[in-house]
Amino acid sequence: DLSHPNSFGNSHGLGSNPTLNPVGQKGPAAIFDTNFRANPYQSSKMTSMNPMQMKKLGSADIYKDLKKKKKKKRAETFSTYIYKLLRSIHPEIGMSKKSVMIFNSFVEDVFDRFATVASELSHKAGKKTIGSTEIMMAAKLILPGELSKHATGEISKAIKTFTESNSSKRSEEHTSELQS
C-alpha cells in the first residue's frame with residue numbers, strides 16, 4: 001500500500017500494521033509506526049510532546065537535539081578600555097556606539113601595524129620573539145614626529161614599572177624561600 005504517506009511498501013515490513021514499529025518489531029516502540037518518518041524531527045507527534053512524555057518513550061536524545069541553542073561567538077573589542085579611558089580623561093562626556101566602533105577599528109589597525117613591523121624587525125634580527133626594543137622601534141617607524149616621542153616615552157615608562165613590579169615579586173619569593 002504505497003498510497004499512505006508513511007508507508008514504504010510491504011517489502012520493508014512497514015505497511016499499515018500498527019503493532020509493528022519502524023524496524024518491524026513488536027513492543028512499546030510500535031507507537032511510532034503510525035507517525036514514522038525518515039527524519040524524527042519531522043514527526044508532529046514528537047515535537048508536540050512535553051519532556052516527560054518524551055522521557056517515557058526513551059526519546060530524550062531527540063529532545064536534547066531540539067532544545068540545543070547555538071552559542072554566539074564573542075567578538076573581542078577594546079570598547080571597555082576605550083570607555084574607561086574616556087571616563088578617566090573626560091568623565092562628563094559620552095560616546096555613541098558608532099564612534100566607539102570607529103575608535104575600536106582604529107585601535108585594531110594601529111595594533112596590527114605595530115605587530116607587523118615589530119615582527120619584521122625581530123625576524124631581521126634573527127629572533128623568534130618580539131621584545132620591548134622591537135615595539136619601541138616599531139613606534140618610532142610608524143608614528144609621526146612628536147607622537148613617536150611621546151609613545152617611546154610611554155613605552156619606556158611601562159617597561160620600567162613592569163620590571164620594578166617583577167623584581168619586587170621575585171625578591172618577595174626569594175625572602176619567603178630563605179625563611180622556609
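Note: hydrogens, waters and symmetry copies are ignored here, and every other heavy atom, side chains too, is used.
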With no hydrogens and no angle check, is any side-chain donor or acceptor of Glu154 less than 3.5 Å from a backbone partner on Ala151? no

Approximate separation, where rounding is to 0.5 Å, of Ile135 CD1 and Lys140 NZ: 13.5 Å

Find the distance between CZ (Phe114) and CE (Met136) and round it off to the nearest 0.5 Å. 11.0 Å

Output the distance between atom CD (Glu76) and atom CG (Asn104), rounded to the nearest 0.5 Å. 11.0 Å

Does the side chain of Ser79 come within less than 4.5 Å of Val100's, by heavy atoms? yes

Is any side-chain heavy atom of Ile130 closer than 4.5 Å to a side-chain heavy atom of Ser119? yes

Main chain of Thr152, side chain of Ser156: is a donor-acceptor contact present, judged purely on distance under 3.5 Å? yes

Can you hop from Phe106 to Leu86 via hydrophobic side chains spaced under 4.5 Å? yes

Ile82 and Met101: same hydrophobic cluster, using ILVMFWY side-chain contacts below 4.5 Å? no

Out of curiosity, Thr161 OG1 to Asn166 CG, how far, rounded to the nearest 0.5 Å? 10.0 Å

Using a 4.5 Å cut-off on heavy atoms from C-beta on, say whether the side chain of Met95 contacts that of Tyr83. no

With clusters defined by side-chain heavy atoms of hydrophobic residues (ILVMFWY) lying less than 4.5 Å apart, directly or transitively, does Leu147 cluster with Val117? yes

Is there a path of hydrophobic side-chain contacts, each under 4.5 Å between heavy atoms of I, L, V, M, F, W or Y residues, that connects Val107 with Ile102? no

Under 3.5 Å, side chain of Arg87 to main-chain N/O of Ile93, donor-acceptor pair present? yes

Examine Leu85 and Phe78 and state if one hydrophobic cluster contains both, with Ile, Leu, Val, Met, Phe, Trp and Tyr joined whenever side-chain heavy atoms are less than 4.5 Å apart. no

Close side-chain approach of Leu121 and Leu141, heavy atoms under 4.5 Å: yes

